[in-house]
Amino acid sequence: MDLDRELNPQQREAVLHEGGPLLVLAGAGSGKTRALTYRMAHLVLHRGFAPWNILAITFTNKAAEEMRLRVQRLLGLEKTGIWIGTFHATCARILRQHIERLGYGANFVIYDAADQLRVVKACLKRQGAGAKQIRPVAVQGLLDKAKNQGINPALLVPEQSATGRILEEAVADYERHLREANALDFGDLILLVLRLFDTCPDVRAKYQERFHSILVDEYQDTNRAQHLLLQKFASEGGELCVVGDDDQSIYRWRGAEVTNLLAFEKDFPGTRILALEENYRSTQNILRAADGVARGNPERREKRLWTRNEEGDRIVYEEAVTSDEEANFVAREIQRLAAEFDIPYRHMGVFFRTNAQSRSFEEKFVFYRIPHAVIGSVRFYERAEVKDLLAYLRFLYNPSDSVSLLRILNQPPRGIGAASQATLQDYADRQGTSLWGAIEGALEQGVLSGAIRGRLDRFHGMIRTVQEDCENQVSPEKLLKAVIKRTGYKAYLEGKEDGERRIENMEEFVRTAGQFQALEDEKPGKEMLGAFLQRIALVSDIDQYEDRANCVSLMTLHCAKGLEFPVVFLTGMEDGVLPHQRSYTSPEALAEERRLCYVGMTRAKKKLYLSRACFRTSYGERQRTDPSPFLASIPSDLVDFQGEDDGFATREEIGHGHVEPTDGDFVLDYGESQLDRPPLPPIPSSGRKQVYRIGDMIEHESLGIGTVRNVEGTGYKEKVTIQFAVGKIRKLMVQVSPIKKIS
DNA sequence: CCTCGGTGATTTTTT
DNA sequence: ATCACCGAGG
């Protein structure tokens, strides 16, 4: 490790800094991972830190894996002993050890968003008819929001209205339910460690002493709970180093607070601030274009990212007529690059804002025989068959897990339907036991009628048999095989529509279990099962991403964070897609969309394509689109307009955008619009937009003046909830109601 | 208890 | 366009 040769002065400083807190503002492609890994290696090799005194937090498991490999290489060790992982994985690890101090069992399971939603729905149902109008996702959002901020969800319940009380009850019920199931949601992982440190100072002290050096990557995307956690972790003499870039903050919607980064020195006095501004990744043109986009946001730290790299090609902008043709363009361009310049497929990435956009690309890639991998969209562990089997394992691991039990009770169908389930749940509630306890109790007491009793008895017997396997420390893979055999799950899948594919998934899942075992063979059976389940609960899509295969990568912009490709296609550059329609509700959300665009652009090393479709089909309706307002922030001399007779959007259409071009000097030069060429589909007059925003003042013919409190639906289905000055609240169809905007 | 067909929402983004 | 959810019928 030669720090002088392999690092620039700022990186070197980040590596060598000793003592107080360190904040590294690292622009895109500025070698922050290098700085972090070198710092860790340096701590061990030259400053006498033991590996187990170091904790490194990354944003994804994959980043953790990568970092681990790089540190291992630098240290020349097979195993480092450094804790590297996401906040969630780290917290799960800590909780496995100490959660009993909080009254939970060490065999807790982790509920994902889908599990969480099921519980929420059940809780709302129990609240009766009054809860009908409360949307389960809204409750879920509330729970997340609270936990992300490190506070008790009950505190976030709005005013003391009737709905508020129901909500309060539902939230309390949710918490009780999870507690009884010995289950934690994602937010709990962080929250409970906070609580653990508060209630058990000895545990806190233990970790404070242990982690003498803490490093956190992607700090701009941490939420308040994580920030608080870090404060609790940090010890007097310890070293803390966080790295981030405010321009790449794209998880605000998930509770991330960029102020954690920007006001870091307030919470950690005496912070030394460094900036990494040399970009090693992209060409000058790409960097300048991306910089133009970033500058469109008023609230950001001023910075000057520069590069020694070549000027490079201009950015290609393609306007296709339809999303289909956009995909066609991308596919053919990829083929051309592969054929003419020998660019490997794995060097090319195709990004989009929403998962739904991936489909047209997949279809075209299949047609052109382009090897490709879609990262994310249909997550492996969320497929029904995989989740079913997973539920069996989870239940075996933790019999209190009622969500999992409910899922497997009638899967494959064994005649224990909704009615029986409700009866059992009722019985459980009255007896104050878990669902499983209720089943055992009901069978013993003989409170059930004939048919159902027999079915339940068979289920019970089957579970008992596998439970014995589980107690005998059988490995996850064998357990899985036992479950499949005893439940007849394979036969059940065979009878289904796309049974073959589902069986493949099932087998893939068994293989995954086998692979996992091979890695963690030193753990005893039950513990290995726990580790296996935990891993599955915490893996993200990007973690599955394998860059060895020579495939074009298709992914959302969020997934693309932290990656780089020589060639990048940033697609769907349309108003309403990027920025997403939903982000027009607030300036902050809109700013985040701009950063998302910036993140996408800065993934590109050599060549960047931007594309859009003039017509896009959404909700089964074909809609005319406007170009993304972000395009106007790109200096026009950096852009190449693709195609001979392809025209471009008119100046007016761009001017339509909701963000003013920031650099007066650079305005795109638009030619004729190809929108006027045949064949053209019918153009709906209003488009799928929302005319009203929350907070707008309106005037109603008879009810007078009011304020928009909520907007739902778009186009002709747009509905607004109005709070009128006369005190009434009304929900109105925009198209048919006699209202007009007055502000 | 299961299956079919109608209906209405649904699309951000994910540890 | 597609999917989840609901009610009716087998």
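Note that the coordinates shown come from a computational prediction; the quantities given were computed from them, not determined experimentally. Here is how names work: the chains are called A, B, and so on, in the same order as the sequence lines, proteins then strands, and each is numbered from 1.
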Under a 4.0 Å heavy-atom cut-off, which of residues 249-258 of chain A touch DNA chain B? A:Tyr251, A:Trp253, A:Arg254
Take atom CD of A:Gln581 and atom C1' of B:dT11, then tell me their distance rounded to the nearest Å. 11 Å
Consider the side chain of A:Ala356, meaning its heavy atoms from C-beta on, and name the nucleotide among B:dT11, B:dT14, B:dT15 that approaches it most closely. B:dT11
Can you tell me how far C1' of B:dT14 sits from CD1 of A:Ile190, to the nearest Å? 14 Å
By the 4.0 Å heavy-atom rule, please label A:Lys121 as base, sugar-phosphate, or nothing. sugar-phosphate
State whether A:Asp115 and A:Lys387 are salt-bridged, where the test is any N-O pair (Lys NZ or Arg NE/NH1/NH2 against Asp/Glu carboxylate O) under 4.0 Å. yes
Distance, rounded to the nearest Å, where A:Leu143 contributes CG and B:dT14 contributes P: 21 Å
In this structure, is the centre-to-centre distance between the rings of A:Tyr598 and A:Phe630 below 6.0 Å? no
Quick one: which of A:Gln226, A:Arg254, A:Lys561, A:Arg252 gives a side-chain hydrogen bond (donor to acceptor under 3.5 Å, both in side chains) with A:Asp221? A:Lys561
Can you establish whether the number of heavy atoms outside A:Arg359 located under 6.0 Å from its atom CZ is more than 12? no
For atom CG of A:Asn148 and atom P of B:dT13, their distance in whole Å: 18 Å
Roughly, in whole Å, what's the span from NZ in A:Lys561 to C1' in B:dT15? 10 Å
Nearest-Å distance, NE2 (A:His558) to P (B:dT15)? 11 Å
Find out whether A:Val119 and A:Gln116 are in side-chain contact, i.e. whether some heavy atom of one side chain is under 4.5 Å from a heavy atom of the other. no
Result of checking A:Arg616, A:Gln581, A:His580, A:Arg624 against A:Glu574 for side-chain hydrogen bond (donor to acceptor under 3.5 Å, both in side chains): A:Arg616
Is the distance from OP1 or OP2 of C:dT2 to the nearest side-chain N or O of A:Arg359 less than 4.0 Å? yes
Rounded distance (Å) that lies between atom P of B:dT13 and atom CD of A:Glu218: 20 Å
Output the single nucleotide from B:dT14, C:dC5, B:dC2 whose closest atom is nearest the side chain of A:Asn355. B:dT14
Establish, with yes or no, whether the OP1 or OP2 oxygen of B:dT14 is under 4.0 angstrom from a side-chain nitrogen or oxygen of A:Thr556. yes
Base, sugar-phosphate, or nothing for A:Asn410, non-hydrogen atoms under 4.0 angstrom? sugar-phosphate
Classify the nucleic acid contact of A:Phe59 as base, sugar-phosphate or nothing, counting any heavy atom under 4.0 Å across all strands shown. sugar-phosphate
Atom CD of A:Gln149 and atom P of B:dT15 are separated, to the nearest Å, by 21 Å
5'-most contact on DNA chain B (nearest-nucleotide basis), A:Ser583 vs A:Asp144, goes to A:Ser583
Taking atom types as modelled, find out whether A:His558 and A:Tyr251 have a side-chain donor-acceptor pair closer than 3.5 angstrom. no
